[in-house]
Amino acid sequence: MDNAYYSSILNEISSLLKIKGANKYKIRAYDTASNALRGLLEPIEKFIKDDSLTSIEGVGKSIAEDLVEISKTGTCKTRTELLDELDPGLLDLFKIQGLGPKRLKTLYDDLNISNLETLKKAAEDHKIQELKGFGKKIEETILAEVERISLNSGRTPLPAALQLAQSFRDALAKRDDVEQIQIAGSIRRQKETIGDIDLLVASTSDPKPIMDAFTKLPGVSDILVHGDKKTSVRTVQDIQVDLRVIDPQLFGSALHYFTGSKEHHVKLRTLAKKKGLKISEYGVFKVSDPSTPIASLTEEDLYEALNLPFIPPELRKGHDEINLAQESNLPTLLEQQDILGDLHMHTTESDGENSILEMAQRAKELGYKYIAITDHSQVLTVANGLNPRRLAAHIEAIKEANEQIEDFTILSGLEVDILKDGSLDMDEDLLRACDWVVGSVHISQKMSKEAMTERILKAVESGLVSTLGHPTGRILGGRGGYEYDMERVFIACAKNQVAVEINGSTGRLDFNAEHAAIARAAGVKITLGSDAHSTHGLSVMPFALGQARRAGLEKADVLNCLSAKDLLKAVRPSVHH
DNA sequence: GCCGTTTTCGGCCCGACTGTTTTCAGTCG
């Protein structure tokens, strides 16, 4: 069981406790612990073995006992007792906007509503509006929400959400009364999937016309909230967009508030309180003087008022970033200009749309010093993968192209398939002849965890692979990826000097930040690759960068920060000696 | 339920908006 599983169980307990009407701080304790587990760099089993669960911030005696039980049985008494008492179908009802724990409890107690079906029936029969605290409007909302949820649910991949956010941002930026506009929320934190889009506008004029215009933008299907300071709409893609308009003097504190995460705010505001300060979207205030903010213009000012260094948005997860900031141990995050090359791309030789030279020229325009050309190997017939004869010729063609471009290096390479038995889909001497080899699993993804682990280990131990390409195989918002013992693979990668990739292609973002952070902690180096299939595709690198930053990676962790020469020395010691 | 260079008991972030109210609870972020 991975940490995400433990985290999800605690989260479920929290939801059940809410319906039960438990103490809200007890509920929060389960939420806090759930979030803390997501930030761990080592498997929970390790903490259990060392009897050190309570060293995790937010995990005390009770939750530690729950976790031990979960490791043995997959569940725990706290959870099973709640499920005996409450219907598990209730958990689905949390997706309905406007229904929180209190109203859900009323519906459950008074009308025995415990799932979406019974909820829909009761709303259609107009039973709900008769309940105390409910009315006609809520009943209508419920019906609309049940319909919406059955059609669509879940989070939107970051790349798609960013595109939508930018279109809203650009539309509003044209207005004269909009002095400044910025995308905040989980997009700014580079979360790989997005729940809703948050936009912040700075304006000295009346916010109302701005918010009215916002509700009338193309693509808006519903207006959810329309107040003096905040407006929320839903788009035709069923994504919620929140807009807040604020005085420019308060932009920093508002941006900070609107960027989140919620967990970061709770921790930071608790710290502020201990210092006799109060933080809100309107600034940092002394408790003794709640009328004049001591910081509000920039986020830097806000952190400074708390005697902290600036914490980049990507790190604001409510994990250990505030502690690190207090100790001056925050990582110096990787920047775009630190990335000297792109280490995964395709050309017309397999399934790409552009030539070697076209890719190189575009990469040079983007500011890179080198690229690796990594077309597919032969088993991927659908992608026109290369057999040994064609690869030999391709290596020559890459060398020729390299002669035709100045102050730039084109590395010859291959994205070689890791076959079902762990062997590599190419002759060994040709793999040795390549500068750079991305080893990837594409075919036969359905196999047992044990077999997949052995398969990948064999490739890692071959000494021929530079980096593992899109290491989980997951598709963002699609299939979940194959399972294997990541800890064992990381240990082997560190030992054999094999890196792991953060693949920036918009459908993948694989590894994500959480996996990359765990890999780094295990001593594994990271590579970034666009997996571009055209010159256009080279521009997705910021997504890989975003995951790297969210993982807390520094220059020293990422091989793309090395020169082409040093890069090759960092991997495959038996090939490059 | 968790936590503690103020505390092992008594706290636990802060504000906007809506609908159902007659001054506010519930929800959301």
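Since the model is a prediction, treat every value here as computed from it, not as a measurement. Order of the sequence lines sets the chain letters (A, B, ...), proteins ahead of strands, with each chain counted from 1.
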- Message: Contact between A:Ile279 and A:Leu306 at the side-chain level, heavy atoms closer than 4.5 Å - yes or no?
- Response: yes

- Task: Answer whether the closest heavy-atom distance between the side chains of A:Ile246 and A:Tyr282 falls below 4.5 Å.
- Result: yes

- Paired with B:dT8: which nucleotide, if any, by Watson-Crick or G-U wobble criteria at under 3.5 Å for both distances? none

Collect all protein-nucleotide pairs involving nucleotides 26-29 of chain B in which both atoms are nitrogen or oxygen and the distance is under 3.5 Å.
| residue | atom | partner | partner atom | Å |
| --- | --- | --- | --- | --- |
| B:dT27 | OP1 | A:Gly100 | N | 2.7 |
| B:dT27 | OP1 | A:Gly100 | O | 3.1 |
| B:dT27 | OP1 | A:Arg103 | N | 2.9 |
| B:dT27 | OP2 | A:Lys102 | N | 3.1 |
| B:dT27 | O5' | A:Gly100 | N | 3.4 |
| B:dC28 | OP1 | A:Gly98 | N | 2.9 |

- Query: side chain to side chain donor-acceptor pair (under 3.5 Å) between A:Asn115 and A:Thr118: does it pass, once the steps are laid out?
  - Reply: CA-CA 6 Å; A:Asn115 54 48; A:Thr118 46; 2.9 Å; yes

For the residue pair [X] and [Y], confirm or rule out a side-chain donor-acceptor distance under 3.5 Å.
{"X": "A:Asn112", "Y": "A:Ser114", "value": "no"}
{"X": "A:Gln129", "Y": "A:Glu139", "value": "yes"}
{"X": "A:Asp31", "Y": "A:Ser14", "value": "yes"}
{"X": "A:His226", "Y": "A:Asp212", "value": "yes"}

Look at all strands and tell whether [X] reaches a base, only sugar-phosphate, or nothing, counting heavy atoms closer than 4.0 Å.
{"X": "A:Lys278", "result": "sugar-phosphate"}
{"X": "A:Ile279", "result": "sugar-phosphate"}
{"X": "A:Lys24", "result": "nothing"}
{"X": "A:Arg244", "result": "sugar-phosphate"}
{"X": "A:Ile138", "result": "sugar-phosphate"}

- Item | N/O (side chain, A:Tyr282) to phosphate O (OP1/OP2, B:dA16) under 4.0 Å | yes

- So does A:Thr270 get a side-chain nitrogen or oxygen closer than 4.0 Å to the phosphate oxygens (OP1/OP2) of B:dC13? yes

[atom1] gap between [N] and [M], integer Å:
{"N": "B:dT6", "M": "B:dG15", "atom1": "P", "result": "25 Å"}
{"N": "B:dG29", "M": "B:dT23", "atom1": "C1'", "result": "24 Å"}
{"N": "B:dA16", "M": "B:dT21", "atom1": "P", "result": "24 Å"}

- Message: So, applying salt bridge (charged side-chain N to carboxylate O under 4.0 Å, His left out) with A:Arg474, which one of A:Glu483, A:Glu514, A:Glu192 is it?
- Response: A:Glu192

- Note on the structure: Among the nucleotides B:dC14, B:dT20, B:dC13, whichever has the atom closest to the side chain of A:Ser280 is B:dC14

- Counting heavy atoms from C-beta on, name the nucleotide in B:dA16, B:dC2, B:dC13 closest to the side chain of A:Ile63. B:dC2

- Task: Identify whether the distance between the nearest side-chain nitrogen and carboxylate oxygen of A:Arg316 and A:Glu299 falls below 4.0 Å.
- Result: yes

Give each protein N/O atom lying under 3.5 Å from an N/O atom of nucleotides 4-11 of chain B, with the pair distance.
none

